[in-house]
Amino acid sequence: MLGRLNQLRVALTSLATPVFSRKGIDSSRYRTTMTSASQQSEIATFAAGCFWGVEHIFLKHYPPSQNKGIIKTAVGYTGGKDTSTNPSYREVCTGSTNHAEALKIEFDPAIVSYAELVEFFYRTHDPTTVNSQGADTGTQYRSAIFTHSDEQLSIAKQVTEEVQQKHFSPKGKTIVTEILPAGPWYDAEEYHQLYLFNNPSGYQCPTHKLHW
């Protein structure tokens, strides 16, 4: 948590520089148009700790420029209290709004299935720790899947059961990931978007890696 807060201070000092004009990043690699005319895009929303690392690992393995199914992403806040609207990062960090740091993914289901994205979500963090990832602790760092349809809910539950039996039951661990209907979404501040692509040496939670 302290390491990440130090990185935040650095980010705040650079707000005067537009994110997409910084040297070394071509934003078009991480934002693209639909690649299949056969279906409409869908939305998947995941929370798995610090949203910098969640976005980073998804885009590293599903770069939009390589036509692997993810069209674009955004980090933001969701799952909070009904009375807490348009929360700031600092408000979310207090835990008082109950929002989770989350990643919203627009994807082409003709190329990548929702089930594959759910399994990848589980591969890339520790879903057995309550309200924490690595040294980051607090409700904003909880593991959660926010579903956008009954079909997504059914798939998320099925994949969770399969992952539990294959990867965690043999270790005596239990997945504690929440699976909930998606509610209001609020984009995080601009400096959070594509943070680790703009700041390659920035803080990254050690749990955000391929675990199998």
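Worth saying up front: this structure is predicted, and the values here are computed from it rather than measured. The first residue of the sequence shown is numbered 1, and numbering continues consecutively from there.
Hydrophobic clustering (side-chain heavy atoms under 4.5 Å, transitive across Ile, Leu, Val, Met, Phe, Trp, Tyr) keeps Val159 apart from Leu180. No path of Ile, Leu, Val, Met, Phe, Trp and Tyr side chains, each step under 4.5 Å between heavy atoms, connects Phe120 with Ile43, placing them in separate hydrophobic clusters. Hydrophobic clustering of Ile, Leu, Val, Met, Phe, Trp and Tyr side chains at less than 4.5 Å, counting indirect connections, keeps Val130 apart from Phe146.
Taking the side chain as every heavy atom from C-beta outward, His61 and Leu210 approach each other to under 4.5 Å. Under the 4.5 Å side-chain criterion, counting only non-hydrogen atoms from C-beta, Val54 is not in contact with Val75. Between Thr73 and Tyr30 the shortest side-chain heavy-atom distance does not fall below 4.5 Å. With contacts defined as side-chain heavy-atom distances shorter than 4.5 Å, the pair Tyr203/Asp136 qualifies. For the pair Ile179/Thr160, a side-chain contact is recorded, criterion being any heavy-atom separation below 4.5 Å from C-beta on. With a 4.5 Å cut-off on side-chain heavy atoms, Asp108 and Ile71 count as touching. In this structure, the side chains of Val163 and Trp212 come closer than 4.5 Å at one or more pairs of heavy atoms. A 4.5 Å side-chain heavy-atom check between Ser84 and Tyr77 finds every atom pair outside the cut-off.
Across Phe197, Tyr62, Tyr195, a single residue satisfies ring-ring contact (aromatic ring centres under 6.0 Å, His included) together with His56, and that is Phe197. Exactly one of Tyr186, Tyr141, Trp185 qualifies for a ring-ring contact (aromatic ring centres under 6.0 Å, His included) with His99. That residue is Tyr186.
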query: Run the side chain to side chain contact (heavy atoms under 4.5 Å, CB included) check on Arg142 and Thr139 step by step: do they pass?
result: CA-CA 5 Å; Arg142 65 189 182 271; Thr139 55; 3.9 Å; yes

field: side chain to side chain contact (heavy atoms under 4.5 Å, CB included) evaluation trace for Gln152 with Glu42
entry: CA-CA 10 Å; Gln152 283 195 358; Glu42 293 184 19; 3.9 Å; yes

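Nearest heavy-atom pair, Thr78 versus Thr45, reported as atom, atom and distance to 0.1 Å: CG2-CG2, 4.3 Å. Taking both residues in full, the closest heavy atoms of Val92 and Pro87 are given as CG2-CB, 3.8 Å, listed atom of the first, atom of the second, then distance. Looking at every heavy atom in both residues, Ala47 comes nearest to Phe121 through O-CE1, 3.3 Å. In terms of heavy-atom proximity, Pro170 sits nearest to Gln165 at CD-O, 3.4 Å. Taking all atoms of both residues into account, the shortest heavy-atom contact from Ser41 to Glu106 is OG-OE2, 2.7 Å. Looking at every heavy atom in both residues, Pro127 comes nearest to Thr177 through CB-OG1, 3.3 Å.
Taken from CH2 in Trp52 to CG in Asn198, the straight-line distance is 11.5 Å, to the nearest 0.5 Å. The line from CD of Gln133 to CG of Asp126 is 5.5 Å long, rounded to the nearest 0.5 Å. Atoms NZ and NE2, on Lys60 and His208 in that order, are 12.5 Å from each other to the nearest 0.5 Å. Distance check: Thr129 OG1 to Lys173 NZ gives 9.0 Å after rounding to the nearest 0.5 Å. Distance check: Leu117 CG to Ile105 CD1 gives 5.5 Å after rounding to the nearest 0.5 Å. From Leu196, atom CG reaches atom OG of Ser201 across 9.0 Å, with rounding to the nearest 0.5 Å.
With hydrogens and angles ignored, the 3.5 Å screen pairs a side-chain donor or acceptor of Glu101 with a backbone N or O of Phe51. Judged by distance alone, with hydrogens and angles left aside, the side-chain atoms of His167 form no donor-acceptor pair with the main-chain N or O of Arg123 at under 3.5 Å. Distance alone, capped at 3.5 Å, places no donor-acceptor pair between the Gln140 side chain and the Gly95 backbone. Between the side chain of Thr128 and the backbone N or O of Thr174 there is no donor-acceptor pair closer than 3.5 Å. Looking at Lys72, its side chain never comes within 3.5 Å of a backbone N or O of Pro64 through a donor-acceptor pair. Using a distance-only test at 3.5 Å, with no hydrogens or angles considered, a donor-acceptor pair links the side chain of Glu189 to the main chain of Tyr89. When atom types are taken as modelled, the side chain of Gln164 and the backbone of Ile175 share a donor-acceptor pair closer than 3.5 angstrom. Side-chain atoms of Gln193 never come within 3.5 Å of backbone atoms of Ala74 as a donor-acceptor pair (strictly under, hydrogens ignored). With Ser154 contributing its side chain and Glu151 its backbone, the two residues share no donor-acceptor pair below 3.5 Å. Checking side-chain atoms of Glu116 against main-chain N and O of Val112 turns up no donor-acceptor pair under 3.5 Å.
In summary, the side chains of Tyr122 and Ser143 do not present any donor paired with an acceptor at a separation below 3.5 Å, with no hydrogens or angles considered. Thr97 and Glu91 share no donor-acceptor pair across their side chains, judged by distance under 3.5 Å alone.
The distance between the ring centers of His125 and Phe46 does not fall below 6.0 angstrom.
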